[in-house]
Amino acid sequence: MNQPNRIDSWLLQDDEKPLTITEDPKIPNAATILLRKQDHTLGNMIRAQLLLDPTVLFAGYKVPHPLENDIIIKIQTDERSNPADALKRACHLLIRQTVQIKSQFMEQAKNIEMGMGPDQSLATAQTNGYDPYTDSSRQGNTIVGGQVRDTNAGGADVYDF
């Protein structure tokens, strides 16, 4: 068969870096990020999360070629932040949301196994209007420059960058 092995499309080589950040010399507070071995799924999630950040002026992504699993993300921020910090905040918040969705799913699945309806625990699944970009307290979780640990997950899901 003349088709490449599918696993080679997603696994990084030993000497290959997963992320490359290049500052734009013409535009202030702008950068181009190359993510290797990723596709539209991650690119669109990161772009959407970046656009929620009030310090981000522009965020977009593209896949340079349909047969290559690389994405290029362009970010421009205002003077309050820089593109690397904005990307780090967006990734941390996406991980936090994923952990929340996983715990809600597990709780709903447990309720269904016990014979309760899935809607009986929806009151605990609401976020009470949480806005990650406000200056209010972060409830013990570090957003920028360090580790993200969800204190509600019981230590099961910990992601360190």
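With a 4.5 Å cut-off between side-chain heavy atoms of Ile, Leu, Val, Met, Phe, Trp and Tyr, the cluster of Met106 takes in Phe105. Listed by chain and number, the hydrophobic cluster partners of Ile27 come to none, as no ILVMFWY side chain reaches under 4.5 Å of it.
Follow the hydrophobic side-chain contacts under 4.5 Å out from Ile101 and you never reach Ile95; the two are in separate clusters.
Between Tyr61 atom OH and Asp39 atom CG the span is 8.5 Å, to the nearest 0.5 Å. The distance from atom CE of Met45 to atom CD of Gln38, rounded to the nearest 0.5 Å, is 10.5 Å. A distance of 12.0 Å separates CG in Asn69 from CG in Leu42, rounded to the nearest 0.5 Å. Going from atom CD1 of Ile73 over to atom CG of Leu50 covers 7.0 Å, rounded to the nearest 0.5 Å. Separating the CG atom in Leu35 from the NZ atom in Lys17 is a distance of 14.0 Å, to the nearest 0.5 Å. Rounding to the nearest 0.5 Å places CD of Gln49 at 11.0 Å from CZ of Arg96.
One finds no salt bridge joining Lys26 and Asp24 here, because no Lys/Arg side-chain nitrogen approaches an Asp/Glu carboxylate oxygen to under 4.0 Å.
Of all heavy-atom pairs between Arg80 and Asp78, the closest is NH2-OD2, 2.8 Å. Contact record, Arg89 with Asp53: NH2-OD2, 2.7 Å, taken as the closest heavy-atom pair. For Leu87 against Ile46, the heavy-atom pair with the smallest separation is CD1-CG2, 3.7 Å. The two atoms that bring Val63 and Asp70 nearest to each other are CG1-O, 3.6 Å, heavy atoms only. Residues Ile33 and Ile21 share a closest heavy-atom pair of CG1-CG1, 3.7 Å.
Side-chain N or O atoms of Ser81 include none that pairs as donor or acceptor with a backbone N or O of Thr77 at under 3.5 Å.
In this view, Leu51 and Arg47, Ala59 satisfy the side chain to side chain contact (heavy atoms under 4.5 Å, CB included) rule, not counting sequence neighbours. Among residues two or more places apart in sequence or in another chain, the side chain to side chain contact (heavy atoms under 4.5 Å, CB included) test is passed with Ile72 by Thr32, Leu34, Lys62, Pro64. Remark: Glu16 engages Leu12, Gln13, Arg36, Lys37 in a side chain to side chain contact (heavy atoms under 4.5 Å, CB included) (not counting sequence neighbours). Among residues two or more places apart in sequence or in another chain, the side chain to side chain contact (heavy atoms under 4.5 Å, CB included) test is passed with Ser103 by none.
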